[in-house]
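Please read all numbers here as calculations on a predicted model, not as lab measurements.
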Amino acid sequence: HTACSPVLQAARGYAKAVTKKKKDTSSHLDDLPPTMLKKDYAKLPIMNSVDDVVKRVLSLEMASQKEKMKVKTQQLVEKVRRSPNDNGSFEVQGKLKKERVLIRTLEEHLQKHPKDKKNRRFLLMDLDRRRKMLGYLRRVNYSTFENTCKELDIQYSPPQPYTRRVTKRWLVKKALCIKVFQEKQKLKAAERLKQRREWQARARAAREQQE
């Protein structure tokens, strides 16, 4: 049978799909030392007297990505803090530091999985949210805005002005909307005039009764 010929079998063996090796991308969480304790256990005084095995279990070596992101966020807070007791400034209380960590994590995830449309949508939403917060900080305190962008390694790009292409259909629609608005304003003016005359008539009748 021709389907079982050795030539076809050899051709099928050579026609296998080539699997591409995924490149190992560096993560922004790689600079965290593995011996560092998790955020929930770092400030406990009892950690100075526990066993080395317990410290290893509670360190970042055994931590998940979520716990590493908490430690990274705390490091970013220390960078943008204005003073050691600063807990109320916008850059400390705001979500800029958290957005920065989330955006970097999503960017690394999309480098490995470029077809993940759901996380790409989340990335665009986070970028838009961070741009709005940076725009507010830029209007309120420009020096703090520059320092925050420098410390968090953020490049701010202001939003582009919205422009609409002027077409004949859009001009006709705009003219119709303006005409409808003007007619509605005339009806409201006539209704207000009618109510004013009624109030004046009632006030006049009340004065006549008092006299």
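From L37, atom CG reaches atom NZ of K55 across 7.0 Å, with rounding to the nearest 0.5 Å. In this structure, the separation between OH on Y156 and OG1 on T148 is 13.0 Å, given to the nearest 0.5 Å. Atoms NZ and CZ, on K184 and F181 in that order, are 8.5 Å from each other to the nearest 0.5 Å. Interatomic distance, R202 CZ to R204 CZ, rounded to the nearest 0.5 Å: 12.0 Å. Distance check: E146 CD to R138 CZ gives 9.0 Å after rounding to the nearest 0.5 Å. Atom OG of S64 is separated from atom CD of E67 by 4.0 Å, given to the nearest 0.5 angstrom.
Linking ILVMFWY side-chain heavy atoms closer than 4.5 Å, directly or via other members, places L137 and L76 in a single hydrophobic cluster. Note on I178: it does not cluster hydrophobically with V166, by side-chain heavy-atom contacts below 4.5 Å among ILVMFWY residues. Cluster annotation: L58 is connected to I46 through the hydrophobic network of ILVMFWY side chains, with a link wherever side-chain heavy atoms come within less than 4.5 Å. By the rule that hydrophobic residues join a cluster once side-chain heavy atoms approach within less than 4.5 Å of another member, V54 and L44 end up as members of one cluster. One hydrophobic cluster, built from ILVMFWY side chains closer than 4.5 Å, cannot hold both V172 and L176; they sit in different ones.
Without hydrogens or angle criteria, E108 side chain to T105 main chain gives no donor-acceptor distance under 3.5 Å.
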N/O donor-acceptor pairs under 3.5 Å from side chains in residues 185-194, not counting sequence neighbours:
none

Residues M47, V50; criterion side-chain contact (heavy atoms from CB on, under 4.5 Å); working and verdict: CA-CA 5 Å; M47 296 305 299; V50 297; 4.0 Å; yes
Test side-chain contact (heavy atoms from CB on, under 4.5 Å) applied to I154 and R130, step by step: CA-CA 10 Å; I154 297 175; R130 187 180 72 177; 3.7 Å; yes
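Evaluation of the side chain to side chain contact (heavy atoms under 4.5 Å, CB included) rule for K72 yields H28, L29, D31, L32, Q75, R100, V101 as partners, not counting sequence neighbours.
Considering all non-hydrogen atoms of both residues, F145 and L134 come closest at CD1-O, 3.6 Å. Heavy-atom minimum distance, R120 versus P114: NH2-O, 3.1 Å. Across A63 and K38, no two heavy atoms sit closer than the pair CB-CE, 3.8 Å.
Pairs engaging residues 166-183 under the side chain to side chain donor-acceptor pair (under 3.5 Å) rule: none recorded [sequence neighbours left out].
Salt bridge present: R129 and D126 bring a charged side-chain N and a carboxylate O closer than 4.0 Å. Between R56 and D52, none of the side-chain N atoms (NZ, or NE/NH1/NH2) sits under 4.0 Å from a carboxylate O, so this pair counts as no salt bridge.
The number of heavy atoms from other shown groups lying within 6.0 Å of CD (E198) is above 12.
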